[in-house]
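Residue numbers start from 1 in every chain, and the chains themselves are labelled A, B, ... in the order their sequence lines are given, proteins ahead of strands. Note that the structure is a prediction, hence the values are computed from the model and not measured.
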Amino acid sequence: VALLLADAGAKRVLMPFAALMEDPAKRVAQEESQQAGRLEGVKARFSAMLMTHNIRVTLTTLAMGMTWGIGSIVLLFYNGVILGAVAGDYVRAGQSTFLLGWLLPHGSVEIPAILLGGQAGLVLASALIGWGDSTRRGERMRAAAPDVLTIAGGAALLLVWAGIVEAFISQYHAPVLPYSLKIGFGVLELAALAVYLARAGRT
Amino acid sequence: MSRRERTVEIHTPEGISFSLTLASPVVRFLAWVLDAAVAAGITAAMSKVLELFGAFALDVAAALNTVAYFVLSIGYGIFFEWRWNGQTPGKKLLRLRGMDVDGLRLQCSQVAVRNLLRAVDMLPVAYLVGGATALLSGRSQRLGDVAANTMVVRLASASDRDIEQLATRKYNSLAEQRPLALRLRNHVKPELAALAVRAIESRERLTPLARVAVFSELADAFRALVKFPEEVTSSLTDEQYVRNAVEIAFGLDRRAR
């Protein structure tokens, strides 16, 4: 975000989609006037593309754990930078409500899911490195496998949900869907996920 | 087979040692190319079917196509290695098998881990990371193999020529029991068959005592697979039993006649 504030040219490098190169205020006006037309007839396709792409990214983040965790951390950081750049751009333009309503319904599930992928990668990495652990590497990896697979499966399920929400809910803006409803829905999801993760895994 | 091929020694708790030949990264890459071709064929077939379905619901068909392609690309290796005991169509054609580093059968979780971690081994292109890791690893492991404690070996190191020479062209009383012989052939593990071949090849170099012990153990292993009727087996020594079983395992009992 700081980079974006300092250098307008950085926006061209950082933004992942062409649509994000526009002026945020203009985009918001455009999106709100369109209502539901833009994705009509391609929503299922869009949803499928989102979930498969996101699961691929998450699995890559997980697999990167085998680079002693370095790759996982780099990928998480890279995704964070992009998200921060987009968010910073919209916040600066005074479009915070649109931003939250746009990102929260799916982001509150999607972002934790990729973080979980990174966590699974770090579980692999710590088994690989085995700091302060005297057992053999093979045994450490064997012990880590069930956790890694459970987290990967959970993250994949979350991303299926996030893909559906992103295609069928997130892309509708006020006046079709009020922002309060979208933001409330996102916060609710985040709370439910937090409660679940806090309780899960206890025996 | 060249002597430069890498092998791995396995020592079982029962005090038996045997060596397995590791598959080189190049052979494994070829197997992967074959698998990619098979997967592409399946994808094309699925697309055709979904195209027909698309006449009714274009959007849903396109979505299913995306999901199906994804599931296939992730699930192909997992499905086959799970159902075919460590083999995919490509591995089967090139006579490779994925197994535990202790020579055991792959467990489901191992299959899942080694296939999910293809995401890192395939980087940056054409499995360069995996290939480089395999060259540096003592067991020719890519990163997914390291994580899952697995390795890929070449099956039945004895070449066809060696096995042909083993055919005695003598009367094979076990082969007369067609249904049981077929059962033996289907159930025998390539590792056991290969071990028996090596025992037969090197039988003259064993001391008499070792020779009796080795063939007794091998015969027991074959007997545990399929039970032949007493009247067929009672006149056979352990060594004859193993020879007959090997002939059946490699289908030489039919070719010899």
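- Most heavy-atom pairs under 4.5 Å with chain A, from the set B/Val101, B/Asp100, B/Val71, B/Ile74: that is B/Asp100.
- Without hydrogens or angle criteria, B/Asn149 side chain to A/Glu139 main chain gives no donor-acceptor distance under 3.5 Å.
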Could you check B/Asn65 against A/Arg45 for side chain to side chain contact (heavy atoms under 4.5 Å, CB included), going step by step and ending with a plain yes or no? CA-CA 9 Å; B/Asn65 203 8; A/Arg45 210 174 313 181; over 6 Å; no
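- Within the structure, salt bridge (charged side-chain N to carboxylate O under 4.0 Å, His left out) pairs that include any residue of residues 27-47 of chain B comprise B/Arg28-B/Asp145 (at least two apart or interchain).
- Looking at B/Thr133, neither its backbone nor its side chain comes within 4.5 Å of chain A, counting heavy atoms on both sides.
- Note: A/Met49 CE to B/Thr66 OG1 = 7.0 Å, rounded to the nearest 0.5 Å.
- Between A/Met64 atom CE and B/Leu143 atom CG the span is 10.0 Å, to the nearest 0.5 Å.
- Interface residue A/Arg137: only side-chain heavy atoms are found under 4.5 Å from chain B.
- With a 4.5 Å cut-off on non-hydrogen atoms, A/Leu59 touches chain B through its backbone and its side chain both.
- Looking at A/His53 and B/Phe70, their side chains never come closer than 4.5 Å, going by heavy atoms from C-beta outward.
- Of residues 108-129 of chain B, those residues lying under 4.5 Å from chain A by any heavy-atom pair are B/Ser109, B/Gln110, B/Ala112, B/Val113, B/Leu116, B/Leu117, B/Ala119, B/Val120, B/Leu123.
- The 12-atom threshold is not exceeded at OH of B/Tyr69, counting heavy atoms of other residues, nucleotides or ligands nearer than 6.0 Å.
- If you measure heavy-atom distances from A/Ser47 to chain B, you find no contacts under 4.5 Å at all.
- Contact count versus chain B (heavy atoms, under 4.5 Å) is highest, among A/Gly71, A/Ala48, A/Ala152, A/Ala145, for A/Ala48.
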